[in-house]
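Questions regarding the structure given below will be posed in turn.
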Amino acid sequence: MKVILLENVKRIGSIGEVIDVKRGFARNFLIANKKALYASKENIKEVEKIKADLSKKDNERKQEATNIAEQINNKEYSVQKLSTENNELYGSVKPTEISKLIQEKNKVEIKPSMIQPVEEIKSLGKFKVKISLHSEVDAEIVVNVTSADTIQ
């Protein structure tokens, strides 16, 4: 299915580009999130007209993402979780929890979908977490998981 991108999408393409993607990806992600339009002749003409405006908006989003990255990059956030004697957690630390931590500590709203742990956080210790703020801007934080109490 051919679509026209309305914003830069990592590993997919840039604004105004006509790309061929699978129908499900186009409908369920790109079009649903207003990142693309169906590639009809009318839509292609429309996107050509508003391409400069879209680029300006994308640059504003990128600047905003850069500001957020400067605030949170390389910071350490601590989480207390219940653990076993083997330092295994009951459950795991989810992106929603990390999002709430950043919100509380830095007053910066980050969607859980932007958070990509390098590995699953299922034990005590320090873990690197990558946050994709924009198609061109990433930040990295450290989540320090400590024991709230050991249950036997």
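In this chain, residues are counted from 1 in sequence order. All values below were derived from every heavy atom in this structure, side-chain atoms included, with hydrogens, water molecules and symmetry-related copies excluded.
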Spacing of OG belonging to Ser135 relative to CD1 belonging to Ile12, to within rounding of 0.5 Å
11.0 Å
How long is the gap from NZ on Lys111 to CD1 on Ile131, to the nearest 0.5 Å?
14.0 Å
Under a 4.5 Å cut-off applied to non-hydrogen side-chain atoms, are Ile115 and Thr96 in contact?
no
Heavy-atom side-chain contact between Lys122 and Glu88 under 4.5 Å
no
Which value, rounded to the nearest 0.5 Å, describes the distance between Lys105 atom NZ and Ile72 atom CD1?
11.5 Å
Residue pair Asn74, Val142: steps toward the side-chain contact (heavy atoms from CB on, under 4.5 Å) verdict
CA-CA 7 Å; Asn74 298 323; Val142 175; over 6 Å; no
Could you check if a side-chain atom of Leu5 sits within less than 4.5 angstrom of a side-chain atom of Val47, using non-hydrogen atoms only?
no
In this structure, NZ of Lys45 is separated from CG of Asn43 (nearest 0.5 Å) by 11.5 Å
d(Leu54 CG, Glu48 CD) to nearest 0.5 Å is 10.5 Å
Answer yes or no: does atom CD of Glu60 have more than 12 heavy-atom neighbours from other residues, nucleotides or ligands under 6.0 Å?
yes
Which heavy atom in Val137 sits nearest to a heavy atom in Ala69, and how many Å separate them?
CG1-CB, 3.9 Å
Are Ile141 and Met114 joined in one hydrophobic group, where the rule is that I, L, V, M, F, W and Y side chains link up if heavy atoms are under 4.5 Å apart?
yes
Which heavy atom of Ser132 sits nearest a heavy atom of Lys10, and at what distance?
OG-NZ, 4.0 Å
Does some side-chain heavy atom of Thr146 sit less than 4.5 Å from a side-chain heavy atom of Val79?
no
Side-chain contact test, heavy atoms from C-beta onward, threshold under 4.5 Å: evaluate it for Leu37 versus Val3 and give yes or no.
no
Quick check against the 3.5 Å criterion: does Asn144 have a side-chain atom that pairs as donor or acceptor with the backbone of Tyr77?
no
Nearest heavy-atom contact between Val21 and Ala26 is CG2-CB, 3.7 Å
Roughly how far, to the nearest 0.5 Å, is the OG atom of Ser123 from the CG atom of Asn86?
11.0 Å
With hydrophobic residues grouped by side-chain heavy-atom distances under 4.5 Å, do Leu124 and Leu82 end up in a single group?
no
Short side-chain to backbone donor-acceptor contact, Ser92 and Lys94, under 3.5 Å:
no
Do the side-chain N and O atoms of Ser14 and Glu17 include a donor-acceptor pair separated by under 3.5 angstrom?
yes
Minimal non-hydrogen separation, Val18 against Ala39, with atom names:
CG1-CB, 4.1 Å
Between Asp20 and Met1 (side chain of the first, backbone of the second, donor and acceptor by atom type, cut-off under 3.5 Å), is there such a pair?
yes
Main-chain N/O of Glu104 paired with Lys107 side-chain donor or acceptor, under 3.5 Å
yes
Under a 4.0 Å N-O cut-off, is there an ion pair linking Glu76 with Lys126?
yes
Criterion side-chain contact (heavy atoms from CB on, under 4.5 Å) on Ile68 and Asn73, from CA distance to verdict:
CA-CA 8 Å; Ile68 291 171; Asn73 205 21; over 6 Å; no
Do Asn8 and His134 have side-chain atoms, one donor and one acceptor, less than 3.5 Å apart?
no
Looking at Asn33 and Phe29, would you say the former's side chain and the latter's main chain have a donor-acceptor pair under 3.5 Å?
yes
Identified salt bridge (charged side-chain N to carboxylate O under 4.0 Å, His left out) partner of Glu140 from the options Lys75, Lys130, Lys128:
Lys128
Same cluster for Val9 and Ile19 if Ile/Leu/Val/Met/Phe/Trp/Tyr side chains link at under 4.5 Å?
yes
If you apply the rule salt bridge (Lys or Arg N to Asp or Glu O under 4.0 Å), what do you find for Lys35 with Glu7, and how did you get there?
CA-CA 6 Å; Lys35 293 180 184 281; Glu7 62 180 66; 3.0 Å; yes
ILVMFWY network linking Tyr38 to Leu6, side-chain heavy atoms under 4.5 angstrom:
no
Flag the pair Leu89 / Val145 as yes when at least one side-chain heavy-atom distance between them is below 4.5 Å, and no otherwise.
yes
Group every Ile, Leu, Val, Met, Phe, Trp and Tyr by side-chain heavy-atom contacts under 4.5 Å, then state whether Ile31 and Ile44 land in the same group.
no
When you measure from the side chain of Ser99 to the backbone N and O of Ile110, does any donor-acceptor pair fall under 3.5 Å?
yes
Which pair of heavy atoms, one from Glu136 and one from Lys62, lies closest together, and at what distance?
OE1-NZ, 2.6 Å
Indicate whether any N or O donor in one side chain lies under 3.5 Å from an N or O acceptor in the other, for Ser83 and Lys81.
no
Heavy-atom nearest pair, Ile15 first then Asp58, reads CD1-CB, 3.7 Å
